[in-house]
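We name chains A, B, ... by the order of the sequence lines, and we start the count at 1 in each one. Everything quoted here is computed from the prediction, not taken from an experiment.
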Number of protein chains: 2
Amino acid sequence: MAEHSHDHAASGHDHAHDHGHDHDHTHDHGSAPAKLTRNQTLVFGALSRAGGPLTAYTILDQLRDDGFRAPLQVYRALEKLVEFGMVHRLESLNAFVACSHPQCVDHETMAFAICESCGSVSEFADAAITRQLKGWAGDNGFALAKTTIELRGTCRTCQAAV
Amino acid sequence: MAEHSHDHAASGHDHAHDHGHDHDHTHDHGSAPAKLTRNQTLVFGALSRAGGPLTAYTILDQLRDDGFRAPLQVYRALEKLVEFGMVHRLESLNAFVACSHPQCVDHETMAFAICESCGSVSEFADAAITRQLKGWAGDNGFALAKTTIELRGTCRTCQAAV
DNA sequence: TCAAGGTTGTAATGTTATAACAAGAATTGC
DNA sequence: GCAATTCTTGTTATAACATTACAACCTTGA
């Protein structure tokens, strides 16, 4: 299954406050955005740099220098990014993480393994689980809109570190 | 915030459950308590009566007449009840629900189907999903402590009601 | 040009959860 | 009985997470 590797190369500190909008995003996700707004770009950049989950308020703090002043600026961007399938919300952490999938293969039934020791998150998809959940939904007349699957525990690295 | 009317018959896999004020319950769970404290009894009673998910603050309001004054009285009781396996936390709702299983068969990998229309919750266990998740954990050296599986959608009753 | 619709900024508020500390009650040992 | 210990409880305050409401500002297109 998929592995954890949030390396979206947001290296440079591109602090140019251009009004020229040189966004050449070519993402093509579920609800594909032609291009992101400035705030969406900044929020997604923060999540990509982090390489792991961040809370909305942590993102806010990181974007103070970019002019962010209020939670809503973050929440609004996150709402869109989740909608686009570029970001996932981790319910059990009240946090958000950039999607690990290069081409965003499947956003219906992702699963997340969260290490309670180091905070790392592994995102994976499992066809059998998806099938099983859809099977239950079908059997019970439940119109499935979204699923949340989150595993809590200790990752291999943290276990080895003991 | 909203008070849902909890249709507990939304599932064909429903389990019978006593919704009475069983102040002298005889549950015997993993961390079986001989007997609950007064606050634990009151909180569990509120959840049982509701027959569906309640937030901590809703429980607090319902227990004002019983002398509850502060959130912590509720949260402390909930913490123990979850530990005992008598109550589950629904991460995607920030709410709590009394366990639907008479003898609390399996508390490791329960799944919850939450109707976004009426707020009803169906609790079920699926051996295949459990096996699959444990399989992933094993393959990836992840020491699994707890899993959260929550389905959002529309229950059969609410679909029919359209 | 204007109107419509989307995005933004800001203040205020609402909702969920925990920290810190003091006091009360049950238990044990002397 | 009387500490010492421990667990539960009550209370205040605060932290952490999220939304409402409204005004201003850009776009886009007729």
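- At whole-Å resolution of the value, CG in Leu42(A) and C1' in dG9(C) are 15 Å apart.
- For the atom pair OG1 of Thr58(B) and CG of Leu47(B), the computed distance is 10.0 Å after rounding to the nearest 0.5 Å.
- If Arg69(A) and Lys80(A) are placed on DNA chain C by their nearest nucleotide, the residue sitting closer to the 5' end is Lys80(A).
- Atom CD in Gln40(A) sits roughly 11 Å away from atom C1' in dT8(C) (whole-Å rounding).
- Distance from the side chain of Arg76(A) is smallest to dA21(D) among dA21(D), dC17(D), dT11(D).
- Side chain to side chain, Thr147(A) and Arg152(B) fail the donor-acceptor criterion of an N or O pair below 3.5 Å.
- DNA chain D is contacted by both Gly67(B) and Asn94(B); Gly67(B) maps to the nucleotide lying nearer its 5′ end (nearest heavy atom per residue).
- Nucleic acid contact class of Ala56(A) (heavy atoms, under 4.0 Å, all strands): none.
- For Phe68(B) and dA17(C), the CZ to P distance is 16 Å, given to the nearest whole Å.
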Next on the checklist: Could you go through Phe112(A) and Thr148(A), starting from their C-alpha distance and side-chain angles, then the distance that decides it, and tell me whether this counts as side chain to side chain contact (heavy atoms under 4.5 Å, CB included)?
Outcome noted: CA-CA 9 Å; Phe112(A) 301 89; Thr148(A) 297; over 6 Å; no
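- The side chain of Arg38(A) contributes no N or O atom lying less than 4.0 Å from OP1 or OP2 of dC26(D).
- dT16(C) has Tyr57(B) stacked on its base ring, the centres lying under 5.5 angstrom apart and the planes within 30 degrees of parallel.
- Set against dA17(C), dC17(D), dT11(D), the side chain of Phe96(B) has dA17(C) as its closest nucleotide.
- One atom, CG of Leu78(B), and another, P of dT8(D), lie 15 Å apart when rounded to the nearest Å.
- Considering only the side chain of Tyr75(A), dC17(D) comes nearest among dA17(C), dG10(D), dC17(D).
- Residue Leu60(A) contributes atom CG, which lies 15 Å from atom P of dT19(D) at whole-angstrom precision.
- As a whole-Å value, the separation of Leu36(B) CG from dC7(D) P is 18 Å.
- With rounding to whole Å, Lys35(A) atom NZ is found 10 Å from dT7(C) atom P.
- Of all nucleotides listed (dT12(D), dT10(C), dT9(D)), dT9(D) comes nearest to the side chain of Asn39(B).
- Taking a 6.0 Å sphere around CG of Asp139(B), one finds it holds more than 12 heavy atoms contributed by other residues, nucleotides or ligands.
- For Leu72(A), whose side chain is taken as the heavy atoms from C-beta onward, the closest listed nucleotide among dT20(D), dT8(C), dT18(C) is dT20(D).
- Atom CD1 of residue Ile59(A) and atom CZ of residue Arg49(A) lie 10.5 Å apart, to the nearest 0.5 angstrom.
- Between the side chains of Glu150(B) and Ser92(B), at least one donor-acceptor pair of N or O atoms lies under 3.5 Å.
- Applying the 4.0 Å criterion to OP1 and OP2 of dT8(C), one finds that Gln73(A) has every side-chain N and O outside that range.
- Rounded to a whole Å, the CG atom of Leu93(B) is 16 Å from the C1' atom of dA17(C).
- Residue Thr37(A) places at least one side-chain N or O under 4.0 Å from the OP1 or OP2 atom of dT8(C).
- Closest approach to the Ala70(A) side chain among dT11(D), dC17(D), dT10(C) is made by dT10(C) (side chain taken as heavy atoms from C-beta onward).
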